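Comments concern the structure below.
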Amino acid sequence: MSYVESIMDLVVRRNPAEPEFHQAVKEVLDSIAPAIARHPEYEKNRILERLTEPERVIMFRVPWTDDKNQIQVNRGFRIEFNSAIGPYKGGLRFHPTVYLGILKFLAFEQIFKNSLTTLPMGGGKGGSDFDPKGKSDMEVMRFCQSFMTELCKYIGPDTDVPAGDIGVGGREIGYLFGQYKRIRNEFTGVLTGKGLNWGGSLIRPEATGYGAVYFAQNMLGARDMDIRGKICTVSGSGNVAQYTVEKLNQLGAKVVTLSDSNGTIFDPAGVDDEKLAFVMDLKNVRRGRISEYANKYPGVKFLAGERPWGIKCDCAFPSATQNEINGADAATLVKNGCILVSEGANMPTDPDGVKVFLDNKILYGPGKAANAGGVAVSGLEMAQNSQHVCWPREEVDRRLHQIMESIHRQAYETAEDYGFPGNYVVGANIAGFTKVADAMLDQGLV
Ligand code: NDP
């Protein structure tokens with residue numbers, strides 16, 4: 001058994017019943033094997049044993065009262081996975097499917113993603129099995145206050161800086177920040193994704209979606225193609241999906257789908273800016289279902305219970321959740337002429353699907369490269385907070401552009417260097433990994 005295989009074996013034995021964590025580790029280990037072979041010092045120093053074991057896992061009870069005065073109890077988590085290159089950094093997810101294995105997969109991915117951004121950030125992730133859907137603002141506030149009452153003991157602007165993720169947007173970050181400030185009596189950049197009047201960065205809400213489109217532009221550019229005029233499918237209709245659509249519209253592409261957990265809308269005329277404004281109000285203010293889009297606009301089909309991958313497109317932007325594209329979906333996309341997939345979501349394509357994309361040599365940008373724009377601008381928010389300054393929109397967007405270009409270049413060149421030209425999975429994983437592994441070597445056995 002090779003070193004890499006023995007580590008995979010260890011991870012499965014030591015973390016039973018966490019299939020998403022196994023999947024994320026396997027994907028990384030499979031693709032970094034050439035770097036392990038080139039650098040025997042990694043095995044000698046047991047880098048993979050250390051890298052696959054979180055530095056710290058925090059689990060806690062979150063009691064709160066609902067609007068009927070009934071007591072509810074949820075479970076809270078924070079995984080502080082790796083701090084070799086900076087304070088732990090990664091989002092909070094509030095969704096009923098959250099458990100330890102999901103957050104460990106997300107925190108593990110975050111280590112390499114943050115490394116690729118070129119900014120000094122370690123990897124972390126957290127959240128709760130709390131479901132914000134159908135809850136009143138006051139219920140969400142009471143939950144967030146209880147969650148932060150415990151979490152505030154473990155985080156800080158130089159220790160661990162959470163952000164948003166599924167189910168955690170501007171509203172939740174506001175409640176969480178307010179409670180942190182109240183308990184700790186300090187106004188610091190302990191969370192990112194803050195409101196603009198109280199420490200947030202311009203372009204942070206847009207960053208993940210914009211970044212996924214910039215990454216797509218870079219991949220297309222490497223083959224002398226352009227995004228203009230391309231038919232695009234987008235899944236999800238939350239933060240990442242909305243700003244993916246906004247940027248694609250600005251660049252002259254046409255988006256024909258959006259979705260949520262109930263189904264997909266197919267709009268052959270395209271989700272133009274006016275329709276996007278409707279979606280933003282529907283999802284961010286009224287908190288309704290995407291099916292309402294089909295009731296409002298003529299010529300739109302609602303495909304109940306379906307995902308968008310059966311709709312013909314040139315480019316696909318999965319922006320909802322993990323494992324939303326399986327092998328059959330990937331084969332359908334390729335058969336229908338899809339030439340590019342840029343992952344706004346984390347691990348949206350399962351291993352069979354990834355294989356289909358790589359075998360067919362389409363432009364495939366894995367999440368940890370393609371969606372790194374979100375955490376990159378979070379890093380820029382931290383930089384602004386610690387200098388007590390606020391950069392203009394153009395400045396943040398310029399830096400986001402540069403960072404996405406640099407991530408593309410690192411992934412592209414590393415893949416070539418290791419003999420896998422055009423394979424952004426190998427390129428992103430090795431480039432992200434070696435920086436963290438070398439920092440761990442420099443810092444001794446900690
Ligand atoms: P939001 O909560 O704003 O939106 C999530 C969207 O995905 C909603 O439309 C939701 O539909 C849908 N969705 C969530 N879970 C499921 C599911 N199990 N099945 C089908 N649809 C689902 O989250 P974000 O837009 O912030 O996050 C989307 C993805 O992007 C996630 O994978 C996240 O980890 C990733 N990401 C986010 C970043 C950010 O900055 N926000 C940064 C990097 C990655 P419904 O409302 O019906 O649940």
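Fair warning: this is a prediction, and the values are worked out from it, not measured in the lab. We count ligands from 1, going down the list as the structure has it; atoms in each ligand are counted the same way. Only heavy atoms go into these numbers, but all of them, side chains included; no hydrogens, no water, no symmetry mates.
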Any idea which atoms of ligand 1 are less than 4.0 Å away from a heavy-atom of [X]?
{"X": "H95", "value": "15 (N)"}
{"X": "K133", "value": "45 (P), 46 (O), 47 (O), 48 (O)"}
{"X": "G236", "value": "9 (O)"}
{"X": "R204", "value": "40 (O)"}
{"X": "A345", "value": "29 (C), 30 (O), 32 (O), 35 (C)"}
{"X": "S319", "value": "28 (C), 29 (C)"}
{"X": "S261", "value": "11 (O), 20 (C), 21 (N), 45 (P), 47 (O), 48 (O)"}
{"X": "S259", "value": "9 (O)"}

> Can you say whether the rings of H408 and Y412 are parallel (under 30°), tilted (30 to 60°) or perpendicular (over 60°)?
Replying inline: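 Rings of H408 and Y412: parallel, as their planes differ by under 30°.
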>> Applying side chain to side chain contact (heavy atoms under 4.5 Å, CB included), can you list everything that pairs with T208, at least two apart in sequence or on another chain?
In response: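 Applying side chain to side chain contact (heavy atoms under 4.5 Å, CB included) to T208 gives R204, V240, N371.
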> Within 4.0 Å of atom 10 (C) of ligand 1 (strictly less), any protein heavy atom?
Replying inline: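 Not a single protein heavy atom is under 4.0 Å away.
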> What is the minimum heavy-atom distance between Y88 and G123, and which atoms define it?
Replying inline: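 Closest heavy-atom pair between Y88 and G123: CD2-O, 3.6 Å.
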> Between R398 and E395, is there a salt bridge with N-O shorter than 4.0 Å?
Replying inline: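 Yes, this pair counts.
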>> Less than 4.0 angstrom from a charged side-chain N to a carboxylate O is my criterion; do E206 and R393 meet it?
In response: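 Salt bridge flag = yes for R393 with E206.
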> To which protein heavy atom is atom 12 (C) of ligand 1 closest, and what is the distance rounded to 0.1 Å?
Replying inline: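 Nearest protein contact, heavy atoms only, for atom 12 (C) of ligand 1 is A320 CB, 3.9 Å.
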>> One pair to check against side chain to side chain donor-acceptor pair (under 3.5 Å): Q250 and K247. What are the steps and the verdict?
In response: CA-CA 5 Å; Q250 284 170 13; K247 184 52 74 179; 2.8 Å; yes
> Judging by distance only, is a nitrogen or oxygen of K125 under 3.5 angstrom from one on ligand 1?
Replying inline: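 K125 vs ligand 1: no N/O contact under 3.5 Å.
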> Which bit of R93 gets closer than 4.0 Å to ligand 1, counting heavy atoms only: side chain, backbone, both or neither?
Replying inline: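 It is the side chain that touches ligand 1; the backbone stays farther off.
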>> Residue-level breakdown please: for V240 versus ligand 1, do any non-hydrogen atoms fall below 4.0 Å on the side chain, on the backbone, on both, or on neither?
In response: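 For V240, the contact with ligand 1 is made by both the backbone and the side chain.
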> Cation over ring, K275 on Y297, under 6.0 Å and within 45°?
Replying inline: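 So K275 does make the cation-pi contact.
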> Counting only N and O atoms by type, is there a donor-acceptor contact under 3.5 Å from the side chain of S128 to the main-chain atoms of R75?
Replying inline: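 Side chain of S128 to backbone of R75: a pair is present.
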> Would you say the ring centroid of H401 lies under 6.0 angstrom from that of Y210?
Replying inline: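 When the ring centroids of H401 and Y210 are compared, they turn out to be at least 6.0 Å apart.
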